[in-house]
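Scroll down for the structure; my scribbles are underneath it.
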Amino acid sequence: MTDIRELLLSRIRDVADYPEPGVMFKDITPLLADPAAFTALTDALAEIAERTGATKVVGLEARGFILGAPVAVRAGLGFIPVRKAGKLPGATLGQAYDLEYGSAEIEVHAEDLTADDRVLIVDDVLATGGTAEASVQLIRRAGAEVAGLAVLMELGFLSGRGRLEPALNGAPLEALLTV
């Protein structure tokens with residue numbers, strides 16, 4: 001796993017003062033542009049999906065779509081997008097959550113998940129854990145089981161893991177990188 005960590009880290013670019021002064025943004029676009037690195041990332045996340053017994057992969061808008069869809073294909077599973085409120089046509093389930101300033105809401109198509117599904121949530125970064133926690137609640141409200149959460153990168157200094165672990169109720173939280 002050390003080799004894949006080194007490969008992934010070597011393809012993540014730090015961008016200082018983005019999107020605002022004092023923030024060090026972790027840009028994954030160089031990783032996505034490198035077929036070897038993107039394939040290694042997809043394979044590692046697909047292995048997690050298989051190990052957790054997932055039947056579906058949920059990707060969180062927007063970079064979770066980029067990572068989650070190829071993971072679902074590689075693992076032979078269905079892919080379900082979790083979107084910002086108002087972006088999905090048809091009947092949806094929504095889940096509101098608090099942000100640092102204000103609140104937001106995510107939605108999923110109500111018919112895309114059933115009681116037979118075990119769902120692996122995939123996203124690029126675990127920061128404070130608010131969106132991920134809301135997605136856990138949303139998946140359970142849809143009647144499905146949360147098989148786990150897998151991210152490319154965890155920003156450990158923001159303590160999202162501590163917020164999420166109680167919500168995951170024993171389901172694994174796996175980060176390929178911790179920065």
Side-chain angles (χ1 to χ4, degrees), residues 1-15 18-19 24-84 87-88 95 97 104 106-109 112-113 117-136 138-139 142 144 146-156 158 160-161 163-164 167-168 171-179:
M1 191 70 152
T2 301
D3 291 339
I4 186 175
R5 285 189 177 112
E6 289 173 6
L7 174 62
L8 297 176
L9 277 170
S10 75
R11 301 305 187 273
I12 297 171
R13 175 177 43 213
D14 286 342
V15 179
Y18 183 82
M24 181 63 72
F25 184 78
K26 300 293 186 182
D27 180 14
I28 68 167
T29 58
L31 188 157
L32 299 174
D34 179 330
F38 195 17
T39 298
L41 172 59
T42 300
D43 289 346
L45 293 172
E47 191 277 324
I48 294 169
E50 291 165 3
R51 187 166 12 96
T52 61
T55 61
K56 298 228 172 105
V57 172
V58 155
L60 304 182
E61 187 166 344
R63 289 179 297 268
F65 297 173
I66 297 167
L67 303 184
V71 167
V73 169
R74 180 67 46 90
L77 306 174
F79 176 78
I80 311 295
V82 168
R83 306 245 12 223
K84 294 174 184 169
K87 300 291 185 179
L88 291 171
Q95 182 68 45
Y97 62 101
I106 55 174
E107 293 179 335
V108 67
H109 275 135
D112 287 347
L113 295 169
D117 286 319
R118 288 182 47 79
V119 178
L120 178 68
I121 303 162
V122 172
D123 206 4
D124 64 330
V125 174
L126 172 59
T128 62
T131 307
E133 182 181 37
S135 69
V136 167
L138 186 59
I139 289 162
V146 175
L149 173 71
V151 296
L152 164 59
M153 176 175 20
E154 177 179 351
L155 305 180
L158 291 176
R161 182 176 291 267
R163 175 181 186 165
L164 266 179
L168 285 168
L173 166 53
E174 298 198 37
L176 299 179
L177 304 171
T178 301
V179 294

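As the structure is a prediction and not an experimental result, all values here were calculated from the model.
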Return the minimal non-hydrogen interatomic distance between [X] and [Y], and the atom names on each side.
| X | Y | result |
| --- | --- | --- |
| I106 | S135 | CD1-N, 3.6 Å |
| P172 | A147 | CD-O, 3.2 Å |
| F25 | Y18 | CB-O, 3.2 Å |
| F65 | P70 | O-CD, 4.2 Å |
| A134 | Q95 | O-CG, 3.4 Å |
| P30 | D27 | CD-O, 3.5 Å |

So does [Y] get a backbone contact from the side chain of [X], meaning a donor-acceptor N/O pair under 3.5 Å?
| X | Y | answer |
| --- | --- | --- |
| R5 | L176 | yes |
| D117 | V119 | no |
| T39 | A36 | no |

Hey, could you give me the [atom1]/[atom2] distance between [X] and [Y], rounded to the nearest 0.5 Å?
| X | Y | atom1 | atom2 | answer |
| --- | --- | --- | --- | --- |
| R118 | L113 | CZ | CG | 13.5 Å |
| L138 | I80 | CG | CD1 | 11.0 Å |
| E174 | I48 | CD | CD1 | 4.0 Å |
| T131 | L164 | OG1 | CG | 10.0 Å |
| E47 | L45 | CD | CG | 9.5 Å |
| I28 | R13 | CD1 | CZ | 11.5 Å |

Could you walk me through whether L77 and L120 pass the side chain to side chain contact (heavy atoms under 4.5 Å, CB included) check? CA-CA 10 Å; L77 306 174; L120 178 68; over 6 Å; no
Test: K87 and E61 ion pair at under 4.0 Å:
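Looking at E61 together with K87, the answer is no, because their closest N to O distance does not fall below 4.0 Å.
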Start with the C-alpha distance between D112 and K56, add both sets of side-chain angles, then the distance that settles side chain to side chain contact (heavy atoms under 4.5 Å, CB included), and finish with yes or no. CA-CA 10 Å; D112 287 347; K56 298 228 172 105; 5.7 Å; no
field: side chain to side chain contact (heavy atoms under 4.5 Å, CB included) evaluation trace for V136 with L149
entry: CA-CA 9 Å; V136 167; L149 173 71; 6.0 Å; no
Taking atom CZ of R83 as the centre, does the number of heavy atoms from other residues, nucleotides or ligands within less than 6.0 Å exceed 12?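 Yes, enclosed.
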| In a check of side-chain contact (heavy atoms from CB on, under 4.5 Å) between K26 and each of V15, L9, L152, V179, which one passes? |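 In the set V15, L9, L152, V179, the residue that makes a side-chain contact (heavy atoms from CB on, under 4.5 Å) with K26 is V179.
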Next on the checklist: Go through it in stages, so that I can follow the logic: the residues are L67 and V151, the test is side chain to side chain contact (heavy atoms under 4.5 Å, CB included), and I'd like the CA-CA distance, side-chain angles, deciding distance and then a yes or no.
Outcome noted: CA-CA 9 Å; L67 303 184; V151 296; over 6 Å; no
